[in-house]
Every structure is written in structure tokens, then in C-alpha cells.
Amino acid sequence: MWSWDYAMDVSVILLRALPAALLAAACGFVIASTVGLLIAALIRSRFASVRRVASSVAHFIRSTPLLVQLFFLYYSLPMLVPVSMTAFWTGAIGLGLHYSTYMSEVYRSGIDALPKGQWEAATALNLSKRRTWFSIVLPQAIPPVLPIMGNYLIVIFKETPTLSAITYVELLLRAKNEASVTYRVFEPFTIVGIIFIVCSLMMSLLVARLEKRWGRRPSA
Amino acid sequence: MEYRGVTKSFGDLEVIKGIDLRLHAGEKLAFIGPSGSGKTTLGRMLMTLEQPTTGTLTIDNEPIWQMKDKRGNWKAANEAHLRSIREKVGMVFQHFNLFPHLTVERNVTLALTSVLNLSKEEAIGRAESMLEKVGLLDKLRNYPSQLSGGQKQRVAIARALVMRPKVVVFDEVTSALDPELVGEVLAVIKEIAKEGETAMMLITHEMDFAREVADRVIFGAEGLIVEEGTPEDIFERPQSERLRTFLSRL
Ligand SMILES: Nc1ncnc2c1ncn2[C@@H]1O[C@H](COP(=O)(O)OP(=O)(O)OP(=O)(O)O)[C@@H](O)[C@H]1O
Ligand SMILES: [Mg+2]
């Protein structure tokens with residue numbers, strides 16, 4: 001049933017699809033980090049209406065499945081507005097938006113951990129809101145949560161097969177295409193699994209190193 | 001600076017029950033009273049960290065929490081108005097609240113460059129002469145975690161005063177310190193008080209210090225001013241029973 005020769009051949013083919021998966025994950029991660037930060041800041045806005053809108057949007061995105069969101073972005077949205085995005089960008093944006101709502105919680109935990117006195121000192125020094133965020137709050141709130149953010153990079157990477165549903169050729173879809181040509185289903189999917197295990201493992205090693213470097217910082 | 005009929009409630013709890021108080025330019029005012037009497041809250045209102053529930057607080061005859069719109073009607077102060085008020089007020093906190101991720105120098109220069117828009121050289125010059133005054137010129141490159149409590153508080157004092165506010169609130173700035181470190185911080189404040197210009201609102205439990213530095217002492221209890229007068233009045237000739245009891249318990 002298992003052919004080593006075929007396994008080798010298909011490994012090479014599948015590994016060529018790995019960069020596509022990594023790229024989608026990386027872009028998704030960057031979008032999630034940026035939008036997540038925006039949501040975290042809006043949830044702390046002075047204006048109650050802004051807070052409410054931000055947290056309901058976040059809640060809404062988090063409680064609908066990623067797959068549904070991807071279908072909506074890829075198939076439904078172009079019927080409403082005259083934009084059409086490639087499968088790659090739809091996937092990256094879909095992943096990014098979906099995980100931005102989780103990422104905002106990560107930022108929030110970092111921001112909430114900051115003593116109230118830091119905000120008050122910033123006010124007492126008459127720093128602008130922007131300056132307070134960029135010079136006082138974020139430099140202290142982000143380093144401790146970098147490892148958690150790193151874990152979300154792994155989660156997002158593991159979610160890339162979902163993009164196969166909108167025709168983005170990543171590892172899984174490539175394996176499926178192979179299988180449909182050769183009628184061999186055992187090797188391609190097994191190898192996809194192995195590639196994911198190895199990549200996730202390497203990423204978590206990287207995150208562990210991040211944690212060592214940034215996890216503990218001097219306090220006041 | 002003036003409090004007029006100021007009250008403050010947290011939920012159902014009325015912490016400040018009606019305060020009328022004036023502080024003149026350069027005046028050193030000591031605020032004493034039992035724990036929980038609302039001293040901190042009073043100082044925080046001046047720093048715009050708390051909003052009075054009723055009454056008005058003005059600086060240079062300008063209300064802190066109200067402003068005039070284009071047609072001259074009063075409306076709630078916006079962020080820009082509050083920032084213009086904060087230019088005139090500084091605060092030193094009980095727990096220092098230094099920025100731990102920044103060096104001593106950056107702690108002191110941050111607002112100079114980003115709020116007062118001074119050039120880096122000017123800011124550093126001003127920070128250095130301020131740090132010299134508090135005796136910490138050699139700690140410029142250190143991080144707050146490398147300083148003792150007394151040194152941290154002296155940096156915090158430098159950080160507030162380098163902005164040259166008209167009035168500075170000192171909220172029990174020595175009560176988080178080990179007893180042997182209290183002296184160095186009080187000495188620095190006394191030194192700065194002698195120079196004059198800056199008005200000070202000294203919330204303190206250090207009676208000797210209050211007596212020595214203050215032009216006027218206010219004794220407050222349960223959200224009201226019970227007695228006020230010169231340090232001699234308050235400490236030598238207390239009028240009210242409350243104050244006599246308070247002083248005798250020290
Ligand atoms: N943010 C807040 N929410 C609810 N209650 C508060 C808040 N801040 C202060 N209080 C209450 O207000 C009262 C007065 O507090 P405040 O800190 O002004 O007193 P204080 O005179 O500074 O006391 P101390 O000498 O202990 O510092 C206290 O009973 C306190 O519990
Ligand atoms: Mg207090």
C-alpha cells in the first residue's frame with residue numbers, strides 16, 4: 001500500500017507548495033497582529049459608542065466559522081462591491097481578520113497587566129494619547145505577550161488548509177490534486193501531516209526562544 | 001487655583017463633601033488629615049485624574065472641566081482643553097510610577113521632547129540640571145529598577161518639575177519608602193520649595209516637614225476642611241477637637 005518511491009516523489013511536489021502555505025500564514029499573521037491591535041485600542045476608547053461597536057464586531061467575527069467568512073469574502077463580497085481578490089489575498093485577509101479578534105484579546109491581557117499608575121503618570125506628564133500608547137503602553141504590554149502571539153502564528157499556519165476551500169493551492173489542495181491524478185491517497189495526505197508536524201515543531205522552538213528572551217523583563 | 005464647592009462621589013460613597021480652597025501662585029500648601037479623608041482624591045482632581053461630581057475647579061480662573069464653545073456657551077471640556085490645563089499641573093505619586101522600560105534620562109526628557117517640543121539637546125540640558133538638583137546626575141543611564149526607592153522618587157520629582165508646572169501635587173511621596181530613605185526625598189522637596197515659583201500641594205503625614213515647608217496648612221477629615229491656618233496656628237494652637245485628637249495620636 002505504501003510506496004517509498006512515490007512518497008519521495010510526492011514529498012518534493014508537496015514541499016513546493018509549502019512556501020505558499022507559509023506565505024499565507026505570515027500575511028494572515030501580520031494582518032491579525034495589526035487589526036488585533038487596532039481592536040484592542042478601540043475597545044479602550046474614551047467613547048462608549050466606539051467601544052461598543054468594536055467589541056460587537058470582534059464578537060461577531062469570532063463567533064462565525066472561518067470557512068463561512070472565507071466563502072463570504074471570496075464568493076459573496078464581489079457581488080456586493082466591485083472588488084475581486086485573488087484566492088491568496090482573500091485567504092490572508094480572512095485568516096487575518098478572523099484571528100485579529102483573538103489577537104486583540106492577547107494584546108488586551110498585556111495592556112490590562114500594565115499598572116494603572118503608568119497611564120496616570122502619562123496623563124500627569126501631559127503626553128498625548130498617541131504618545132502614551134506608543135511610548136509607554138505598547139513597549140511594556142507587548143514583550144510579555146510575544147510568545148502567545150507566536151503561538152497564534154502556529155495556529156494560523158495550521159489553519160491554512162481551510163484556504164483550499166476557496167481554491168488556494170496550499171499543501172492540502174496540492175495533495176488532493178496529486179491524489180486525484182494518481183489515485184493514491186495514502187502517501188500525499190500522510191506527508192502533508194508530517195510537514196505540518198515538522199513546521200509546527202520548528203516554530204514552537206522559535207517561540208520558546210522568544211519567550212526566554214522577552215518573557216521576563218525588569219519592572220519598576 | 002481654586003476649588004469652589006467641590007464634591008466627589010464614588011458610587012454611593014461621597015468622599016469629598018464640599019471643598020472651597022484657593023492656592024496662590026507659588027504658595028506651599030500642606031494637606032494633612034486621617035487616612036481616607038479624601039486628600040489623594042483632592043489632588044487627583046487637580047491633576048485631571050478625577051472629575052468632581054459637583055462644583056468647579058479653576059486654574060488661572062479657567063475651569064478645568066468646562067470650556068466655552070464658539071458661541072460662548074459652556075460645555076464639557078474636551079481633550080485639547082484638558083491638555084492645556086495639564087501644562088500647568090504636575091504630580092508626584094506615592095508609588096513613583098516611573099516608566100520602567102525607559103532610562104532615568106528618558107523618563108525625564110520624554111515629555112520635554114514630545115509635549116513641549118524641545119530639541120533633544122535642550123531637553124537633555126534641562127533634564128541634567130534638574131537631575132543635578134535632586135542629586136542623581138550620575139544615574140542618567142540607569143533604569144528605574146536599578147535605583148533605590150528614594151532615588152526613584154527623586155527621579156519622579158525631577159520628571160514632574162522639569163516641565164515647570166505652576167503647581168505640583170505631591171501625594172504622600174514618602175509613605176512608600178523605607179524610613180531611612182524619607183529624609184533624602186524631603187530634603188530635595190525643601191530645596192525646591194525654597195526656590196519659590198512653583199506652587200505645591202503637599203499631601204503628607206510628615207508633620208515636621210509640613211511645618212517647615214508650608215505657608216499654610218489645611219487639616220481635612222471626612223471630605224471637609226476642618227481647620228486651616230499657618231503652620232503655627234495648626235500645630236501650636238489647634239482650635240478643633242478633631243485636630244487636637246489627630247495631632248496627639250501621631
Ligand atoms: N476610584 C475609587 N473608587 C472608589 N472609591 C475610592 C476611589 N478612590 C478613592 N476611593 C475612596 O475614597 C476615600 C478617600 O480616598 P483618598 O485616597 O482620597 O483618601 P486619603 O485621604 O488620600 O487617604 P490616605 O491617607 O489613606 O491616602 C477612601 O474611602 C477610598 O476608599
Ligand atoms: Mg492618599
Side-chain angles (χ1 to χ4, degrees), chain A residues 37-38 40-51 54 106-149 210-220, chain B residues 40 43-44 46-50 76 78-80 82-103 106-117 142-147 149 152-153 155-156 158-165 168-171 176:
Chain A
L37 186 56
L38 195 72
L42 291 179
I43 282 176
R44 280 188 149 263
S45 160
R46 247 165 319 143
F47 305 106
S49 50
V50 175
R51 291 200 295 269
V106 175
Y107 286 117
R108 199 168 76 142
S109 71
I111 294 164
D112 286 353
L114 200 68
K116 229 175 88 209
Q118 293 289 306
W119 294 92
E120 294 182 347
T123 304
L125 286 173
N126 205 8
L127 301 184
S128 66
K129 285 276 178 285
R130 231 184 62 152
R131 178 59 75 170
T132 302
W133 275 98
F134 286 105
S135 294
I136 307 302
V137 177
L138 296 179
Q140 295 187 73
I142 291 182
V145 299
L146 276 179
I148 313 176
M149 290 176 67
L210 264 180
E211 191 158 17
K212 238 191 197 148
R213 183 126 162 236
W214 293 98
R216 290 274 149 263
R217 305 212 79 205
S219 65
Chain B
T40 296
R44 288 169 58 84
L46 187 60
M47 189 64 259
T48 73
L49 295 171
E50 306 282 0
N78 60 16
E79 182 66 16
L82 288 174
R83 290 199 67 200
S84 77
I85 294 291
R86 286 180 199 130
E87 263 171 38
K88 303 176 182 174
V89 189
M91 182 156 180
V92 182
F93 299 87
Q94 190 172 352
H95 297 287
F96 332 129
N97 299 352
L98 293 179
F99 303 128
H101 61 302
L102 302 177
T103 60
R106 197 69 189 123
N107 263 279
V108 180
T109 55
L110 177 63
L112 290 176
T113 52
S114 69
V115 180
L116 301 186
N117 293 320
N142 289 82
Y143 284 87
S145 58
Q146 301 164 319
L147 304 180
K152 282 183 200 170
Q153 195 57 294
V155 173
R159 183 177 70 171
L161 282 157
V162 83
M163 300 297 286
R164 299 185 185 157
V168 181
V169 178
F170 290 82
D171 184 16

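All chains are named by letter (A, B, ...) in the order of the sequence lines, taking the proteins before the strands, and each is independently numbered beginning at 1.
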I'd like to know if the side chain of N97(B) reaches the main chain of A121(A), judged simply by a donor and an acceptor atom lying under 3.5 Å from each other, with no hydrogens or angles considered. no
Is the number of heavy atoms from other residues, nucleotides or ligands under 6.0 Å of R130(A) CZ greater than 12? no
Supply the atom-to-atom distance L102(B) CG to Q140(A) CD, rounded to the nearest 0.5 angstrom. 7.5 Å
Decide side chain to side chain contact (heavy atoms under 4.5 Å, CB included) for L125(A) and V115(B); before the verdict, give the C-alpha distance in whole Å, the side-chain angles of both, and the deciding distance to 0.1 Å. CA-CA 8 Å; L125(A) 286 173; V115(B) 180; 5.9 Å; no
Minimum heavy-atom separation for F99(B) to Q118(A), with atom names? CD2-OE1, 3.1 Å
What's the separation between atom CZ in R83(B) and atom NZ in K129(A), rounded to the nearest 0.5 Å? 8.5 Å
May I ask you to decide if S135(A)'s main-chain N or O and H101(B)'s side chain share a donor-acceptor pair within less than 3.5 Å? yes
Within a 6.0 Å radius of atom CZ on R106(B), are there more than 12 heavy atoms belonging to other residues, nucleotides or ligands? yes
Contact check, side chains of E79(B) and R46(A), non-hydrogen atoms, under 4.5 Å: yes
To the nearest 0.5 angstrom, please state how far the OG1 atom of T113(B) sits from the CZ atom of R131(A). 6.0 Å
Let me confirm one number: the CG-CE distance from N126(A) to M47(B), rounded to the nearest 0.5 Å. 7.0 Å
Please determine, among I85(B), L110(B), V92(B), V89(B), the option with the most heavy-atom pairs under 4.5 Å with chain A. L110(B)
Across all chains, not counting sequence neighbours, the side-chain contact (heavy atoms from CB on, under 4.5 Å) partners of T40(B) are R44(B), D171(B)
